[in-house]
Each structure stands twice: as structure tokens, then as C-alpha cells.
Amino acid sequence: MHTKPVLLVIAHGSRDPRHAATVHALVRRVRSLRPGLRVETGFLDFNIPSVHGVLESLAAEGIREVVALPLLLTRAFHAKADIPAVLRDAPPQLRIRQAEVLGPSPLLLSALERRLYEAGLTPGDKSSTGVVLASAGSTDPEAIAVIAEIAREWRHTGWCAVRPAFASASLPRTEDAVRELRALGCERVAVAPYVLAPGFLPDRIARGGAEADVLADVLGPAPEVARLLLERYDAARRPVLAAVGA
């Protein structure tokens, strides 16, 4: 009997307990959307189970196929180096496909807007509200360029203005972007954290957004994020299914 590959969600991990709790809440939502799919979680650092530990357990159970999905919003260092290195060390009997990172995606923009509306904005506020798209930051120029492009695209959906900001490694900082939007004349300023789970850098974003009118929550287990994980899983499986039918 052909069984579906196991979905292994690979999270960064953090000393902050809110991080793992949020990751597990998101994975629970993914399971609820597709009850027949086995979904496991592994962490690169700080938390258990480790990615390697999960892969060893799956191999010992006789599992043969795994889709490894990086719980990351941009293709920065972890997606390009860390995760492939961990997967190369996996038990040889496992056939592992690495899915694409989550961003960019229209579903993430929908999740960002959901969080802003939950924080008190309404769709009618869009044209008079400037938004800071606040990401964790990266030393990877490709990742920075993607964030800037998402801000440009999001602006075209009707916001007064959208400015990217970064909690580390790049400029501007959240507080600078808030001030810039004020200077532009936007009636109100909102900060939308483009991060998946709470932790050190999201806390820095929140502090930087202290002067904003609205501070949205992290994306976390938003329904759109859960749907996106399944989209990436399905896309990672597709080439093999096409080959079988060929």
C-alpha cells in the first residue's frame, strides 16, 4: 500500500518557551486540516525533539518517505545551509525531499492582514494607515530583497504606505519605519510582525513598535499559515507523482 510521505516541520527552536508552544499550535492546526496526514515536528536548536532525532525514529519505524518543510519565511542561511546539512545526515533508508520555505505567498499577506484586523484595524482603515512590515532581519541579501518586494506588493492592495523594517542585521529598525510613516502623513501607523513565533527578535519588534497606533501579533498558528504548509508539502510531492504517471 502506498502511504503518503510524513511531513516533518523543521523549526528553528528558541530558549523562549513561547516559540515551541506556537510551533506546536501551528502543527496541530495543520493536522486538523488534513487528518490523514502524519505531521512531525523537529527543532534545529534549543528544543527537543531534534530534527536528527525525529528522522532516526521515523527510519526505525520503517518510514521511507519524508517531506522536510522549513518553518521559515525567507530563503536565508538556515534554508540554504543548516537544514540541507542536517538532512544529509539522515538515515540512508529515508527518501527526503526538502519543501520550499513559506514565503513569499499571498496566504502570508492574508495572515498579516488577519492579525492587523484582530489588533483593531478594519478594512476601511487601509487607505489612511501606514504599515511597518517588521521582519527578524538577515545578513542574506536575497532575503532582504524579498522582504522589500513583499512590502511593495502589499502597498498596492490599498494601504497608505508599507515600509519594511528589520529587528537585526539590516536597517531600518521598526521604530525608524514608524517615524517615517508618521512623517509621510499616514493617519495611523500599524506594525505587522512578519515572524512566525514569539521570541527575542519579535520582542524587539514590539518594543520598536511602541509608538505605533496598532501592534499586531506574530503570524503563529493563523489558518492561512497552516494552509500554506500543506501547499508547500503538496508541491514538494508533485514531481514524484508526475513521474509515476509518466
Side-chain angles (χ1 to χ4, degrees), residues 2-15 19-31 33-34 36-105 107-108 135-144 146 169 195-197 199 201 219 221 225-244:
H2 178 74
T3 54
K4 293 191 281 281
V6 171
L7 169 56
L8 172 58
V9 175
I10 300 181
H12 185 275
S14 168
R15 290 189 181 91
H19 173 89
T22 303
V23 170
H24 291 311
L26 174 58
V27 168
R28 281 195 299 274
R29 182 157 243 158
V30 172
R31 288 187 186 121
L33 288 176
R34 197 171 293 182
L37 176 64
R38 180 167 174 185
V39 189
E40 299 289 343
T41 310
F43 295 91
L44 289 173
D45 213 346
F46 302 118
N47 301 99
I48 53 171
S50 68
V51 175
H52 188 72
V54 175
L55 292 170
E56 293 273 350
S57 297
L58 291 172
E61 264 185 60
I63 299 293
R64 290 293 171 264
E65 294 210 46
V66 176
V67 170
L69 195 158
L71 199 58
L72 299 167
L73 296 174
T74 56
R75 280 194 79 253
F77 179 77
H78 295 298
K80 293 175 179 176
D82 277 10
I83 291 173
V86 173
L87 297 179
R88 278 195 297 272
D89 274 348
Q93 63 268 46
L94 289 176
R95 181 157 185 272
I96 303 175
R97 278 162 279 173
Q98 184 175 331
E100 284 297 319
V101 297
L102 298 181
S105 164
L107 282 169
L108 289 174
S135 95
S138 173
T139 52
D140 187 308
E142 181 191 344
I144 296 303
V146 166
V195 290
L196 285 164
L201 293 176
L219 295 170
V225 179
R227 280 171 49 209
L228 180 54
L229 263 71
L230 290 170
E231 265 189 22
R232 294 290 186 255
Y233 169 81
D234 291 337
R237 292 179 64 204
R238 222 167 273 140
V240 174
L241 295 177
V244 168

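All residue numbers refer to positions in the sequence shown, counting from 1.
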Applied to residues 47-57, the side-chain hydrogen bond (donor to acceptor under 3.5 Å, both in side chains) test, sequence neighbours excluded, yields His52-Glu56
Output for pair (Arg95 CZ, Arg64 CZ), nearest 0.5 Å, gives 13.0 Å
Which of Thr22, Leu71, Val9 passes side chain to side chain contact (heavy atoms under 4.5 Å, CB included) with Val27? It is Val9
* Checking side-chain contact (heavy atoms from CB on, under 4.5 Å) for the pair Leu107/Val225: CA distance, chi angles, key distance, verdict? -> CA-CA 7 Å; Leu107 282 169; Val225 179; over 6 Å; no
Rounded to the nearest 0.5 Å, the CG atom of Leu26 sits from the CZ atom of Arg31 at a distance of 10.5 Å
Between Leu229 and Val39, is any pair of side-chain heavy atoms under 4.5 Å apart? no
Note: Val67 and Ala99 closest approach over all heavy atoms is CG1-CB, 4.0 Å
Ile144 meets the side chain to side chain contact (heavy atoms under 4.5 Å, CB included) criterion, sequence neighbours left out, with Ser138, Phe166, Ser170
Interatomic distance, CG@Leu69 vs CD1@Ile10, rounded to 0.5 Å, equals 8.0 Å
Those residues at least two apart in sequence (or on a different chain) that pass side chain to side chain donor-acceptor pair (under 3.5 Å) with Arg34 are Asp234
Closest heavy-atom pair, Leu8 versus Val54, reported as atoms and distance to 0.1 Å, is CD1-CG1, 3.7 Å
With a 4.5 Å cut-off on side-chain heavy atoms, are Arg237 and Pro5 touching?
yes
Here the pair of heavy atoms bringing Ala197 nearest to His19 is CB-ND1, 3.7 Å
Please assess Leu44 against Ile83 for the test side-chain contact (heavy atoms from CB on, under 4.5 Å), listing each intermediate value before the final yes or no. CA-CA 8 Å; Leu44 289 173; Ile83 291 173; 4.0 Å; yes
Distance col, row Asp140:CG vs Arg75:CZ, nearest 0.5 angstrom, shows 8.5 Å
Practice problem: Would you sort out whether Phe43 and Val23 count as a side-chain contact (heavy atoms from CB on, under 4.5 Å), showing the intermediate values? | Solution: CA-CA 10 Å; Phe43 295 91; Val23 170; 4.2 Å; yes
Of all heavy-atom pairs linking Pro91 and Leu55, the shortest is CG-O, 3.9 Å
Check your understanding: Quick one: does Arg29's side chain have a donor or acceptor within less than 3.5 Å of a partner on Ala226's backbone?
Key -> no
Residues at least two apart in sequence or cross-chain that pass side chain to side chain donor-acceptor pair (under 3.5 Å) with Gln93, listed by chain then number, are none
Those residues at least two apart in sequence (or on a different chain) that pass side chain to side chain donor-acceptor pair (under 3.5 Å) with His24 are none
**Pairwise side-chain contact, Asp45 with Asp82, heavy-atom cut-off 4.5 Å (strictly under)** = no
Stepwise side-chain contact (heavy atoms from CB on, under 4.5 Å) test for Leu230 and Leu37: CA-CA 10 Å; Leu230 290 170; Leu37 176 64; 3.7 Å; yes
The salt bridge (Lys or Arg N to Asp or Glu O under 4.0 Å) partners of Arg38 (sequence neighbours excluded) come to Glu40, Glu61
dist Leu87:CG -> Gln98:CD (nearest 0.5 Å) comes out at 5.5 Å
Output for pair (Lys80 NZ, Thr74 OG1), nearest 0.5 Å, gives 8.5 Å
Quiz item: Has Arg15 got more than 12 heavy atoms of other residues, nucleotides or ligands less than 6.0 Å from its CZ?
Solution: no
